[in-house]
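Here the structure comes first, spelled out in structure tokens, and everything after it is commentary.
All chains are named by letter (A, B, ...) in the order of the sequence lines, taking the proteins before the strands, and each is independently numbered beginning at 1.
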Number of protein chains: 2
Amino acid sequence: MSIIYCVSELKRPRRTQSERTRASREKILQAALEFFSRDGFRGAKLSEIAQAAGLTEPGLLHHFPSKNHLLMQVLDERDRVNQKRINDILSQEGSHVLDSLHALVKHNATVPGLVQLFTVLVAESLVPEHPAREFFVQRYQRTRSNLVEAIAKAQKAGEIRQDISAEVLGVLLFAVMDGLQVQWLLQPEQIDMPAAFGLFLELVRAK
Amino acid sequence: MSIIYCVSELKRPRRTQSERTRASREKILQAALEFFSRDGFRGAKLSEIAQAAGLTEPGLLHHFPSKNHLLMQVLDERDRVNQKRINDILSQEGSHVLDSLHALVKHNATVPGLVQLFTVLVAESLVPEHPAREFFVQRYQRTRSNLVEAIAKAQKAGEIRQDISAEVLGVLLFAVMDGLQVQWLLQPEQIDMPAAFGLFLELVRAK
DNA sequence: TACAACTTACCTAGTCAAAGATAGGTAAAA
DNA sequence: TTTTACCTATCTTTGACTAGGTAAGTTGTA
């Protein structure tokens with residue numbers, strides 16, 4: 001029995017293959033999220049991600065055929081979670097959209113890593129032929145149109161001033177959220193993101 | 001007389017050395033601006049920049065000792081121009097700050113390359129140990145405090161609502177500008193940046 | 001003003017390290 | 001017996017940067 005065999009025994013607890021596969025992919029995605037957040041797409045290294053997931057680089061590439069594929073998987077997964085949160089917020093009938101958005105921003109202020117992931121990747125994706133560019137275009141498109149719908153409802157319900165275009169307000173709301181994140185990530189201790197966002201909300205709230 | 005000599009003659013019109021140096025640095029900075037804008041700092045290649053400036057890569061490195069140095073020079077130069085524009089806007093006594101900012105945004109909408117330079121680089125600089133991070137921290141700090149001052153004045157002058165904190169409004173104004181740029185760069189034809197900004201301005205204008 | 005000595009601008013050729021990806025094998029699981 | 005997960009070893013590309021040379025421009029001195 002070789003040394004390699006022994007090591008192997010240590011590293012591979014008895015499991016079914018599908019369990020192993022799922023567990024590995026899980027760990028890889030988690031590690032990728034972390035490094036993409038910290039270093040951006042170009043800056044992150046497959047070898048580091050693989051190591052953090054307890055694999056070698058080719059081991060990682062067995063599950064995700066390329067760095068680009070890995071990025072897209074991470075984004076899809078993360079976006080599903082975010083999207084769910086946002087849709088829950090927007091679809092609550094008769095609820096207070098503005099308050100819910102405020103809650104979202106407060107929540108974001110507790111997860112700088114995730115916020116940085118999207119802030120860095122969105123900006124990186126502005127360069128031509130970036131693998132994630134189309135992803136973000138779609139994402140803004142879709143989310144914004146949901147938001148605009150919710151705004152229109154809230155205007156009818158008397159929550160939001162009616163003298164503002166819902167379309168433009170949708171654009172503005174995302175702009176404020178994105179823009180605040182940049183300043184907050186640069187100087188977390190100096191920028192009170194939820195407070196600033198709250199002030200903006202007061203400006204659009206119906207009196 | 002060698003071929004090399006002739007070529008040399010062609011490529012080097014009779015000039016003083018200081019003229020040549022200045023002209024070369026000028027062309028390099030211009031090309032660097034272009035490629036940093038398009039591809040970001042990491043994405044841009046020294047060889048491409050050099051070629052666009054009519055030099056080889058080591059030729060470029062004769063004038064700027066490293067890629068980092070080149071970036072900082074580009075930022076310093078560009079920032080000087082921008083800063084001047086902003087300070088002119090903010091320092092006009094008794095003028096309309098909001099209208100001036102609106103004019104600035106309208107102007108930005110005509111120079112997507114420059115806007116992209118700062119948008120991409122700011123986000124890229126969020127990753128730890130990025131050479132430009134400190135630059136942007138300083139820049140926000142400085143510009144924001146100038147803006148806050150101008151806002152306070154405008155509030156006294158009755159241009160801006162007085163029930164808003166000048167500090168927070170300063171943060172918000174930059175956030176809106178930055179955030180709008182992202183959506184606009186992703187979908188230029190769908191986002192009317194000056195219009196959206198104008199709507200925001202109406203919200204803070206004194207009635 | 002002439003010319004030697006120095007300095008500067010820039011080139012060709014090459015180094016070096018990083019990082020993504022592939023080839024082919026081994027052992028566990030199906 | 002086949003498939004899957006994953007490894008070691010290797011390849012390849014890329015891109016920042018260096019070494020060392022050449023010719024043009026500059027400067028000091030006769």
Exercise. Base, sugar-phosphate alone, or nothing: which one does A/Ala44 contact when heavy atoms must sit under 4.0 Å apart?
Worked result: sugar-phosphate
Problem set entry | B/Ile49 CD1 - D/dC17 C1' separation (whole Å) | 14 Å
Exercise. Nearest-Å distance, CZ (A/Phe35) to C1' (C/dA19)?
Worked result: 15 Å
Exercise. So, is A/Ser47 close to the C/dA19 phosphate, meaning a side-chain N or O under 4.0 Å from OP1 or OP2?
Worked result: no
Problem set entry | Residue B/Leu46, side-chain heavy atoms: nucleotide from D/dC17, C/dC10, C/dA21 that is nearest | D/dC17
Exercise. Which of residues 59-75 of chain A have a heavy atom under 4.0 Å from DNA chain D?
Worked result: A/Gly59, A/His62, A/His63
Exercise. Hey, what bend do you get for the helix from C/dT1-D/dA30 to C/dA30-D/dT1 if you fit axes on five pairs at each end, rounded to 10°?
Worked result: 10°
For this session: Flag the pair B/Asp99 and B/Lys106 as a salt bridge only when some basic side-chain nitrogen lies within less than 4.0 angstrom of an acidic carboxylate oxygen.
Result: no
For this session: Return the orientation label for the B/Phe41 and B/His130 ring planes: parallel under 30°, perpendicular over 60°, tilted otherwise.
Result: perpendicular
For this session: To the nearest Å, give me how far apart CZ (B/Arg22) and C1' (C/dT8) are.
Result: 16 Å
Problem set entry | Nearest-angstrom distance from the residue atom CD1 of A/Ile28 to P of C/dG20 | 14 Å
For this session: Check whether any side-chain N or O of A/Thr21 sits under 4.0 Å from OP1 or OP2 of D/dT4, and answer yes or no.
Result: no
Exercise. A/Arg20 has a side chain; which of C/dA13, D/dC6, D/dA9 sits nearest to it?
Worked result: D/dC6
Problem set entry | Rounded interatomic separation in angstrom, taking CG from B/Asp39 and P from D/dG15 | 10 Å
For this session: Measure from NZ on A/Lys45 to C1' on C/dA18 and round the result to the nearest Å.
Result: 8 Å
Seminar exercise, completed: Taking D/dA16, D/dC7, C/dG20 as options, the one with an atom nearest any side-chain atom of B/Glu57 is D/dA16
Exercise. So, is the end of the B/Lys45 side chain (NZ or CZ) under 6.0 Å from the ring centre of B/Phe35 and within 45° of the ring's axis?
Worked result: no
Exercise. For the atom pair CG (A/Leu201) and CG (A/Leu98), what is the distance rounded to the nearest 0.5 Å?
Worked result: 5.5 Å
For this session: Please round to the nearest 0.5 Å and tell me the distance separating atom CG of A/Leu186 and atom CD of B/Gln138.
Result: 11.0 Å
Seminar exercise, completed: When rounded to whole Å, the CZ to P distance for the pair A/Arg42 and D/dT14 reads 12 Å
For this session: Would you indicate whether the side-chain heavy atoms of A/Leu172 and A/Ile164 approach each other to under 4.5 Å?
Result: no
Problem set entry | Residue-phosphate contact under 4.0 Å: B/Thr56 side-chain N/O, C/dC11 OP1/OP2 | yes
With a 3.5 Å cut-off and sequence neighbours excluded, list the donor-acceptor pairs that the side chains of residues 189-198 of chain B form with protein atoms.
| unit_1 | atom_1 | unit_2 | atom_2 | d |
| --- | --- | --- | --- | --- |
| B/Gln190 | NE2 | A/Gln141 | OE1 | 3.4 |
| B/Asp192 | OD1 | B/Ala195 | N | 3.2 |

For this session: Looking at every strand, decide which applies to B/Ala23 at a 4.0 Å heavy-atom threshold: base, sugar-phosphate, or nothing.
Result: nothing
For this session: With rounding to the nearest 0.5 Å, note down the distance linking CZ in B/Arg85 to NE2 in B/His107.
Result: 4.0 Å
Exercise. Are the side chains of A/Leu55 and A/His63 in touch, meaning some heavy atoms are under 4.5 Å apart?
Worked result: yes
Exercise. Minimum heavy-atom separation for B/Val176 to A/Ala175, with atom names?
Worked result: O-CB, 4.0 Å
Exercise. Of B/Pro58 and B/Gly43, whose closest DNA chain D nucleotide lies nearer the 5' terminus?
Worked result: B/Gly43
For this session: Using whole Å, report how far CD of A/Glu19 lies from C1' of D/dA5.
Result: 14 Å
